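Note that the coordinates shown come from a computational prediction; the quantities given were computed from them, not determined experimentally. Every chain is numbered from 1 and lettered A, B, ... according to where its sequence line falls, protein lines coming before strand lines.
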Amino acid sequence: MNQSDFLKMVLPFKDKVFRLAKRLLISREEAEDATQELLFKLWKTKEKISDYNNIEAFAMTMTKNYCYDRLKSKQASNLKLVHTNYKEKETPLDKKVEDRDSVNLVHTLIESLPLQQKIIIQLRDIEQYDFDEICKMVAMKPVAVRVALSRARKTIREALIKKHNYGVS
Amino acid sequence: MELANIEKLVEKYLNAETTLQDEKTLRKYFKESNVSPHLQEYAYMFGYFSNTMDETFAQTIELEFKKSKKSTVKWLSIAASILLLFGIFIGDQAYKRHQAKKQFEQISKGLRLLSLNLKKGEVAVSSLYVFQNTQKNK
């Protein structure tokens with residue numbers, strides 16, 4: 001396998017790796033560094049790549065584990081403080097300011113979810129993986145994945161309703 | 001899609017019982033502008049999910065080994081600490097040499113003083129000899 005073959009192979013999922021890394025590490029720079037490093041690691045194991053039947057799932061698992069390690073390390077915990085000044089980029093949904101605020105609020109709400117729920121909601125609602133794949137990626141049983149996902153969705157919804165009713169926005 | 005159906009789907013969605021196909025249906029429904037108010041929060045959720053999909057990894061992928069900024073910093077700090085240790089070592093040596101020189105000067109000053117006084121004593125003693133000799137000759 002040469003470089004261009006490899007690049008072609010990772011093209012469909014490099015963004016997913018990046019988005020998962022960003023979800024977990026929060027800062028864009030951290031996520032970019034992580035993605036570079038993960039793809040580089042993957043490239044180094046290129047001899048073994050053909051042995052994996054699902055390279056994308058393997059890459060996502062790798063991403064999850066890598067980010068866990070990063071979060072555990074002191075460096076990342078120091079960075080956490082800095083990244084609260086996160087800004088969501090402009091979206092076509094900007095029609096109404098209130099709408100945009102509420103959409104951005106979803107981001108904050110997901111950020112405050114437990115780590116596992118964060119990963120699962122990212123994999124399901126954003127990347128739209130099926131349950132079998134998610135189970136493999138997070139090494140959890142299907143029931144546990146469903147419970148976590150349901151909890152995450154309910155938490156977000158309830159928080160949105162609360163915000164709406166109190167009319168804070 | 002009828003509202004009743006959507007409501008049913010949304011209920012299933014909350015319990016994580018929807019299939020990917022169901023979720024696609026929901027996504028499509030909530031993208032449309034006239035969402036009924038009691039389902040508004042789902043519009044925010046699905047709106048956010050779709051927006052996030054637009055985010056891409058725009059950097060070029062580096063497959064050559066490249067020293068990251070972090071490792072450069074690491075090496076720099078190692079070099080700096082070696083330099084510091086070396087500096088302390090050199091400084092300590094210079095200080096010791098200085099100290100030794102000072103000591104040497106002090107000792108030699110003392111010795112010089114001693115020899116000076118000894119000489120004075122010698123002169124005095126030699127005059128004693130002269131005195132003794134003259135007494136003998138008497």
Quick check on the hydrophobic clustering: are A:L123 and A:L115 connected, directly or via other members, by side-chain heavy-atom contacts under 4.5 Å? yes
Contact part of A:L109 toward chain B, heavy-atom cut-off under 4.5 Å: side chain, backbone, both or neither? neither
Knowing that exactly one of B:E41, B:K28, B:R27 qualifies, which makes a side-chain contact (heavy atoms from CB on, under 4.5 Å) with B:F46? B:R27
Using non-hydrogen atoms and a 4.5 Å limit, figure out which bit of A:R19 sits close to chain B: side chain, backbone, both or neither. side chain
Ranking A:L39, A:V145, A:I121, A:L105 by heavy-atom pairs under 4.5 Å to chain B gives rank one to A:L39
In terms of hydrophobic clusters joined by side-chain contacts under 4.5 Å, are B:L20 and B:L26 together? no
Please determine, among A:R157, A:K154, A:K14, the option with the most heavy-atom pairs under 4.5 Å with chain B. A:R157
Check the orientation of B:Y42 and B:Y13. Use parallel for under 30°, tilted for 30 to 60°, and perpendicular for over 60°. perpendicular
Engaged part of A:F131 at the chain B interface, taking heavy atoms whose separation is under 4.5 Å: side chain
Ring of B:Y29, cation from B:K31 - is the NZ or CZ under 6.0 Å from the centre and inside 45° of the axis? no
According to a 4.5 Å side-chain heavy-atom criterion applied to Ile, Leu, Val, Met, Phe, Trp and Tyr, with indirect links allowed, do A:I134 and A:V147 form part of one hydrophobic cluster? no
Let me know if A:V10 has heavy atoms under 4.5 Å from chain B in its side chain, its backbone, both or neither. side chain
Name the option with the most non-hydrogen atom pairs under 4.5 Å to chain B; the candidates are A:L149, A:I110, A:T35. A:T35
Contact part of B:S50 toward chain A, heavy-atom cut-off under 4.5 Å: side chain, backbone, both or neither? neither
Ranked by heavy-atom pairs below 4.5 Å to chain B, first place among A:I126, A:L160, A:I156 goes to A:I126
Would you check, one step at a time, whether the test side chain to side chain contact (heavy atoms under 4.5 Å, CB included) holds for A:E127 with A:F13? CA-CA 10 Å; A:E127 308 302 352; A:F13 63 82; over 6 Å; no
